[in-house]
Protein chains: 2
Amino acid sequence: MMASAKVVALRALNGRSPLCNGLFRGFRLNSTVSVRAYSANMSPPSKAVVYEQHGSPDQVTRLIELPPVEIKENDICVKMLAAPINPSDINRIEGCVYPVRPPLPAVGGYEGVGEVQSLGSAVKGLSPGDWVIPSPPSFGTWQTYVVKEESVWHKINKDVPLEFASTVTVNPLTALLMLEDFVKLNSGDAIVQNGSTSIVGQCIIQLAKLRGIHSINIIRDRAGAEDVKEKLKQLGADEVFTESQLEVKNVKSLLGALPEPALGFNCVGGNSASLILKFLRQGGTMVTYGGMAKKPITVSTSSFIFKDLTLRGFWLQKLMNSEKSQECRVMIDYLLGLMRDGKLKYEMELAPFDNFPVALDKALGKLGSHPKQILKF
Amino acid sequence: MMASAKVVALRALNGRSPLCNGLFRGFRLNSTVSVRAYSANMSPPSKAVVYEQHGSPDQVTRLIELPPVEIKENDICVKMLAAPINPSDINRIEGCVYPVRPPLPAVGGYEGVGEVQSLGSAVKGLSPGDWVIPSPPSFGTWQTYVVKEESVWHKINKDVPLEFASTVTVNPLTALLMLEDFVKLNSGDAIVQNGSTSIVGQCIIQLAKLRGIHSINIIRDRAGAEDVKEKLKQLGADEVFTESQLEVKNVKSLLGALPEPALGFNCVGGNSASLILKFLRQGGTMVTYGGMAKKPITVSTSSFIFKDLTLRGFWLQKLMNSEKSQECRVMIDYLLGLMRDGKLKYEMELAPFDNFPVALDKALGKLGSHPKQILKF
């Protein structure tokens, strides 16, 4: 009885919004399939990274084959080409951070790029061979075939390297939305950020530079910090400081000719967030989008009253599922254009999907320092 | 040489914006007075609470007589009638909190009400006997005669008790601006605040009630807490909790039928600010306008990212010296009307100006619990 229920549930994992009602639809689907097994338009079986409970990703994920699912009249069956392992994917599998999680069992992954394999009978806007990304991104991209409704898929040009197409949404779009949505910045203004070596951080540096906006970047103290600074400056960073360099009475004395920043981005928390607050100008805004240090943000009363700072947060998942979702697709096309032209870049490492456990270990930092891992199907 | 400079400086204290250039104007004034001592329109000498250095107010303030000053063509000489001792006045004398302070020596006090005594030759909008308040409020109301330009003074109706007229700006206007400027609230919405027994807190309760907005109030644990709760409920509070009552896993379970608040006001900091954050609804805003606990505000990363909270600050002094100053005068008239009609009230105690040291000790809490002290001239 239990085993049978699990098989049915796993069927549902092959696409079809497991977020909302995957298990329920799985049961329905099962009975439907048995009645019209020969008439239905079916997907191929899908090889998928599945987890049945939350925990350490290297303990709870398994690479298994999911059975075919029906491709309904408005569905697209997409053959995945590439999908990244993002830190947020790890957090979701761990299950202790994100308030919105797919029901278990679930397929890992949240973004990626694929090629249209086959169409439901009512699909008009896409053709086999088109490249598509899920936009808004959605759960379950770590599998070879994904079946979801046409509206989920955004067609993109094929002139972008696969690894960039597969990663355009979660990190680069976060960087662009944060630069544009909180404070009206003009050429000549400045921003400050921590976690500057992250992909979002690198995208912020490059997107700011393209707009004539100066970036002041904070990195944690580490071996090879000078090399990291040089690399970020080659991307367009105006200043890069290690946290220990900022243990001075007045950090603003380090700004030289740069203006005091009006906007700050925090993905670390703790003392690193406080450094951003010190840099911000009167009336400035700090946006928190991550908490890598797992420490809260501490703010003095006078920062609010006399310095008039505003503190806010950013969550891509909520924003992209709002009325901004169409606007986001336009921004994604803009970002893909920059990637095609070599104006927006970051390091990645392609990993064969069948070697998922090794790629995961690299993403978890268990095998030393590696660039972002991109699963190639 | 030093003594002479001090006398000249003290002359300047009798009004005339010591904030910006009081000492400089003092020097000019001195030479002018000596040249045309008989032709000039002069104020009476002014009895004033003066401090020549920052420190504990009961140590550094003195009640002295300042010499007459010239009433220039656009000036008004106002005979002060009443002025409160606000906590912010204490902070300014202590000198360790406020970034904008009058140059020393300075006259204490920042708001109050007076009666027009005499006019400069070019004044058109005011007549002797009119009641006026400085708006924006300005330094130096703890003295018997204040000379400032006509534009500083806002004429008010005489149908309001003196003590209310003297206190309308700093606390009630703060309450009204905070209710109106940050989040669009509708009848049926809710706010949450700490420091609810403060005058601002009591005004927020009453102004919210008038708008059909529910108030959730946090007070510190104290003897007689039940009496305090009852008093605040009589003012219109929907709920009043002591901090220890809120040591529960889910504070929202205490809300009953009240909606989750969209807006919170923090004048305490530390744990009391965290309680406000717990009450706020998804996407809510907390405004900090004081820090009575002298402890910072600590916020989790997830409060920003997933709960989408916004944290801001409020500083009356900055706002009233902005383009909103005229709008503030309209709001002051509205508040005075509510006071006249008994719809906005709080406890005060009148204190003869000559007994300033006793009133100050009461304001400092050295003589047990007393209502706000209002100096009566």
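Within every chain, numbering begins at 1; the chains are lettered A, B, ... in the order of the sequence lines, protein sequences first and strands thereafter. Computed from a prediction, not measured in an experiment: that's the story for all the values here.
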Nearest heavy-atom approach of A/P296 to B/V299 is CB-O, 3.3 Å
Against chain A, residues from residues 281-288 of chain B with at least one heavy atom under 4.5 Å, in numeric order, are B/Q282, B/T288
Comparing A/T301, A/T310, A/I305 against chain B, the one with the most heavy-atom pairs below 4.5 Å turns out to be A/I305
So CG of B/D308 and CZ of A/R312: to nearest 0.5 Å the spacing works out to 7.0 Å
Turns out that what part of A/L309 lies under 4.5 Å from chain B's heavy atoms comes down to backbone
Of the listed B/G269, B/G290, B/A273, the one with the largest count of heavy-atom pairs under 4.5 Å with chain A is B/G290
Scored by heavy-atom pairs under 4.5 Å with chain B, the best of A/K318, A/K307, A/K295, A/K294 is A/K318
B/F304 meets the ring-ring contact (aromatic ring centres under 6.0 Å, His included) criterion, sequence neighbours left out, with none
The complete set of side chain to side chain donor-acceptor pair (under 3.5 Å) pairs with one or both residues in residues 166-178 of chain A, sequence neighbours excluded, reads A/N86-A/N171, A/T167-A/Y346
Side chain to side chain contact (heavy atoms under 4.5 Å, CB included) filter on A/T197, not counting sequence neighbours, yields A/I219, A/R222, A/V228, A/L232
Okay, A/F306 and chain B: the region with an atom under 4.5 Å from a heavy atom over there is both
When the 4.5 angstrom heavy-atom criterion is applied to B/S302 and chain A, the contacting part is neither
